[in-house]
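Keep in mind that this is a model prediction, so the values were computed, not measured.
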Amino acid sequence: MSTPKDPVDAIIEQWAAVRPDLDTAAMEVFGRVFRLSRAMGDRMEKAYARYGISRGEFDVLATLRRSDAPYTLSPRELSATLMLTTGGMTGRLDKLERAGLLRRSPDPHDRRGLQVTLTDEGLRLIDEAVGAGLEVQTAALSVLDNEQATQLAGLLRPLLAATAP
């Protein structure tokens, strides 16, 4: 079974025609990674929109959910985990708090600090949304068998580790 050509193949062929001296192996990998990321990002955005949240808002709720009960972190911990500025985090927290999905309260251990906690509604919503997102990802990954998917994850791990800030 042959794999059909994708748009990156056409780009690589064009470069080979005009600059045969270039080694485009990295472009083949990252061109596909970038395009896959954009396509999956769009799919995930649609999946989460059914729950009234964006991907960024999903990330906040999911980070709180993964922290385990009582699903509480400081805004600074959230910002660090999500690699967001405090200003960007504040906007997300404001929207999610207005929606009743989380609450901010004084930190009992630091008078100047705050805690962000999932509400019961936030917990219910994130548990549903993460399932919906995984369905989208699993469907996309279904073009690979289990061994290929495991191999791909293993190949991407050291690449991400080497490029992560």
Side-chain angles (χ1 to χ4, degrees), residues 6-8 29-165:
D6 65 26
V8 174
V29 172
F30 290 105
R32 288 184 176 98
V33 168
F34 293 147
R35 286 169 181 262
L36 180 60
S37 177
R38 188 176 329 130
M40 288 307 299
D42 291 347
R43 289 181 186 184
M44 300 308 291
E45 195 71 54
K46 287 178 186 169
Y48 300 144
R50 294 191 314 246
Y51 299 92
I53 57 174
S54 68
R55 279 177 48 206
E57 293 156 357
F58 170 89
D59 289 343
V60 171
L61 297 173
T63 300
L64 288 167
R65 177 63 171 103
R66 291 191 317 267
S67 73
D68 207 3
Y71 316 112
T72 300
L73 294 170
S74 72
R76 179 171 285 128
E77 290 169 319
L78 282 167
S79 293
T81 299
L82 299 173
M83 296 184 300
L84 277 176
T85 64
T86 54
M89 180 57 67
T90 298
R92 288 184 190 177
L93 294 178
D94 287 347
K95 182 175 182 214
L96 292 167
E97 188 172 37
R98 281 192 304 272
L101 302 175
L102 58 80
R103 70 176 171 280
R104 286 181 273 201
S105 57
D107 184 335
H109 307 292
D110 178 359
R111 298 189 295 163
R112 296 171 295 156
L114 288 176
Q115 291 183 326
V116 179
T117 305
L118 275 179
T119 62
D120 290 343
E121 177 61 16
L123 180 61
R124 183 200 61 74
L125 184 135
I126 193 58
D127 280 350
E128 288 183 26
V130 73
L134 281 170
E135 285 178 21
V136 169
Q137 293 169 349
T138 300
L141 206 55
S142 70
V143 299
L144 304 177
D145 63 33
N146 288 340
E147 184 178 331
Q148 290 171 318
T150 300
Q151 182 180 18
L152 178 59
L155 291 169
L156 291 172
R157 184 177 294 108
L159 184 59
L160 179 60
T163 59

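The environment of CZ in R32 is crowded: more than 12 heavy-atom neighbours from other residues, nucleotides or ligands sit within 6.0 Å. In D145, the CG atom is crowded: over 12 heavy atoms of neighbouring residues, nucleotides or ligands sit closer than 6.0 Å. Residue D120 qualifies as open at atom CG: its count of foreign heavy atoms under 6.0 Å is 12 or below. In the displayed structure, R104 atom CZ is contacted under 6.0 Å by more than 12 heavy atoms of other residues, nucleotides or ligands.
Residues Q115 and P106 come closest through the heavy atom pair OE1-O, 4.1 Å. Shown here for A132 and A47, the closest heavy-atom pair between the two residues is O-CB, 4.4 Å. Between A140 and M40, the shortest heavy-atom distance links the atoms CB-SD, 3.6 Å. Across every non-hydrogen atom of L141 and A149, the tightest pair is CD2-CB, 4.0 Å. Looking at every heavy atom in both residues, L125 comes nearest to Y51 through CD1-O, 3.3 Å. A pairwise comparison of heavy atoms in M89 and S79 identifies CB-OG, 3.4 Å as the closest pair.
Here Q151 contributes atom CD and L156 contributes atom CG; the two are 10.5 Å apart, rounded to the nearest 0.5 Å. Here CG of L36 is found 13.0 Å from CZ of F30. Values are rounded to the nearest 0.5 Å. Taken to the nearest 0.5 Å, the OG atom of S54 stands 5.5 Å off from the NZ atom of K95. To the nearest 0.5 Å, atoms CG (L61) and CG (D127) are separated by 10.5 Å. Put simply, OG on S74 and CG on L114 are 9.0 Å apart, with the number rounded to the nearest 0.5 Å. Rounding to the nearest 0.5 Å places CZ of R157 at 10.5 Å from CG of L152.
A heavy-atom distance below 4.5 Å is not found between the side chains of Q137 and R43. Q148 has its side chain out of reach of V143: every pair of non-hydrogen atoms, C-beta onward, lies at least 4.5 Å apart. Residues D59 and T81 are not in side-chain contact: their nearest non-hydrogen atoms beyond the backbone lie 4.5 Å or more apart.
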Could you walk me through whether V116 and V60 satisfy the side chain to side chain contact (heavy atoms under 4.5 Å, CB included) test, starting with their C-alpha distance in whole Å, then the side-chain angles of each, then the deciding distance to 0.1 Å, before giving a yes or no? CA-CA 10 Å; V116 179; V60 171; 5.6 Å; no

Verdict with reasoning, F34 to V8, per side chain to side chain contact (heavy atoms under 4.5 Å, CB included): CA-CA 10 Å; F34 293 147; V8 174; over 6 Å; no

Set out, in order, the CA-CA distance, both residues' side-chain angles and the distance that settles side chain to side chain contact (heavy atoms under 4.5 Å, CB included) for L101 and I53, then state yes or no. CA-CA 10 Å; L101 302 175; I53 57 174; 4.1 Å; yes

Report the C-alpha distance between L78 and R92 in whole Å, list the side-chain angles of each, state the deciding distance to 0.1 Å, and finish with yes or no for side chain to side chain contact (heavy atoms under 4.5 Å, CB included). CA-CA 11 Å; L78 282 167; R92 288 184 190 177; over 6 Å; no

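For the pairing with L96, the side chain to side chain contact (heavy atoms under 4.5 Å, CB included) check across T119, L64, L118, L102 returns one residue only, L102.
Side-chain N or O atoms of T150 include one that pairs as donor or acceptor with a backbone N or O of N146 at under 3.5 Å. At least one donor-acceptor pair closer than 3.5 Å links the side chain of S142 to the backbone N or O of A139.
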